[in-house]
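In this text, all values refer to a predicted model and were calculated from it rather than measured experimentally. The figures that follow rest on heavy atoms only: side chains count, while hydrogens, waters and symmetry mates do not.
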Amino acid sequence: MATNNGDVLMLEAAPEASKPWASAANAEVIDALPYIDDDYGNPLIKAEVDRLVEEEMRRSSRKPADFLKELPPLPKFDFENCPVLAKEYERVRAGKPPVRIDFESRYKLELPPASKKNDDAAWKQYLQKNQRSLQQKMIELENLEMMSKQGPELWRQNNHRLEVFLTRMQKLAQEQNEEIEKVNRERKYHQQTTAYELNALSQEWRQLCLKNMEIQSACVVLETKIDAFKKEAAERGWNLEEKLESAKPLQPQ
């Protein structure tokens, strides 16, 4: 929105070509001058404004249930390279509980069944299986020992990276807030600067409306008098049209 002299009252940006849902053709223009419109403080005007807003919301083509309908769809996650995540994603979507880890069977020493207690091949097979399990537990213990030694430093490095990231995000947020504050200050300045012109035009419009009403009232009075004269002339038998045609126009002196 702008005045004739180019002063901007509301800062608007052109929609991006990559966002057709944000085009001006699909947008509902909301015009407001919040920095100079102080009539909302009046309770009567506030109630009327609230009523108009509710009515406009009822008539609006955008409903709360479908305000995201025109946005691009969300990307589909296929997890082609990670079947474990795909399986877990489907479990969460189905609302199924997570699979519990059976620690008892994981750390339990397995023995051949009673029917194979005298079978040397079965004992050898279970022995190899338990040895593999024991070797895995030893590796896990070594990993825990390494984590106890190197883990704190790794956590400190990770915390440092997170702090650097947090600082960068806070800086970006501060810059955005400064940009928003700058835009608000410019809007306030332009609106308050243009308020004098708007008030003068509004006062001029009121005076012209009053003058038009006075002229209209005077015309009604004149039309009433003319009708009364015509009626009186008709009662006396005068033909006003002939008299008007035969009357000589006034010559300027």
Original post:
Does the side chain to side chain contact (heavy atoms under 4.5 Å, CB included) test come out yes or no for Leu166 and Leu162, once each step is laid out?
Top reply: CA-CA 6 Å; Leu166 175 62; Leu162 291 177; over 6 Å; no
Residues [X] and [Y] bridged, charged N to O under 4.0 Å:
| X | Y | value |
| --- | --- | --- |
| Glu179 | Lys182 | no |
| Glu88 | Arg91 | yes |
| Arg51 | Glu48 | yes |

Is [Y] close to [X] at the side-chain level, that is, under 4.5 Å between some pair of heavy atoms?
| X | Y | answer |
| --- | --- | --- |
| Trp123 | Asn118 | no |
| Arg132 | Gln135 | no |
| Asn42 | Lys46 | no |
| Gln191 | Lys188 | no |
| Lys87 | Val84 | no |

**OP:** Give the minimum heavy-atom separation between Tyr126 and Pro113, together with the two atoms involved.
**Re:**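 Taking Tyr126 first and Pro113 second, the nearest heavy atoms are OH-CD, 3.9 Å.
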Pairwise distance [atom1]([X]) to [atom2]([Y]) - rounded to 0.5 angstrom:
| X | Y | atom1 | atom2 | result |
| --- | --- | --- | --- | --- |
| Trp205 | Asn212 | CH2 | CG | 10.5 Å |
| Glu204 | Cys209 | CD | SG | 10.5 Å |
| Ser202 | Gln207 | OG | CD | 10.0 Å |
| Asn159 | Leu154 | CG | CG | 11.0 Å |
| Glu178 | Arg185 | CD | CZ | 8.5 Å |
| Leu210 | Ser217 | CG | OG | 12.0 Å |

Subject >> Linked, directly or transitively: Met146 and Met138 (ILVMFWY side chains, under 4.5 Å) >> reply: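 No.
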Original post:
Side-chain heavy atoms under 4.5 angstrom apart, residues restricted to Ile, Leu, Val, Met, Phe, Trp, Tyr: same cluster for Met57 and Val49?
Top reply: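 Per the 4.5 Å side-chain linkage, Met57 and Val49 are co-clustered.
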Does atom [atom1] ([X]) have a neighbourhood of more than 12 heavy atoms from anything else shown, all under 6.0 Å?
| X | atom1 | value |
| --- | --- | --- |
| Gln216 | CD | no |
| Met213 | CE | no |
| Glu90 | CD | yes |
| Asn81 | CG | no |
| Gln150 | CD | no |

**OP:** Kindly indicate, with the supporting measurements, whether the criterion side chain to side chain donor-acceptor pair (under 3.5 Å) is fulfilled by Thr167 and Lys171.
**Re:** CA-CA 6 Å; Thr167 303; Lys171 183 179 179 181; over 6 Å; no
Original post:
Can you name the one residue among Gln131, Gln136, Lys129, Lys137 that meets side chain to side chain donor-acceptor pair (under 3.5 Å) with Ser133?
Top reply: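 Running side chain to side chain donor-acceptor pair (under 3.5 Å) over Gln131, Gln136, Lys129, Lys137 with Ser133 returns exactly one hit, Lys137.
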Original post:
For Tyr189, which fellow cluster members are found when Ile, Leu, Val, Met, Phe, Trp and Tyr are connected by side-chain heavy-atom distances below 4.5 angstrom, either directly or through intermediates?
Top reply: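 So far as hydrophobic clustering goes, Tyr189 is joined with none.
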**OP:** Evaluate the side chain to side chain contact (heavy atoms under 4.5 Å, CB included) criterion for residues Lys211 and Ile215: first the C-alpha distance (whole Å), next the side-chain angles of each, then the deciding distance (0.1 Å), finally the verdict.
**Re:** CA-CA 6 Å; Lys211 186 177 293 185; Ile215 294 174; 4.1 Å; yes
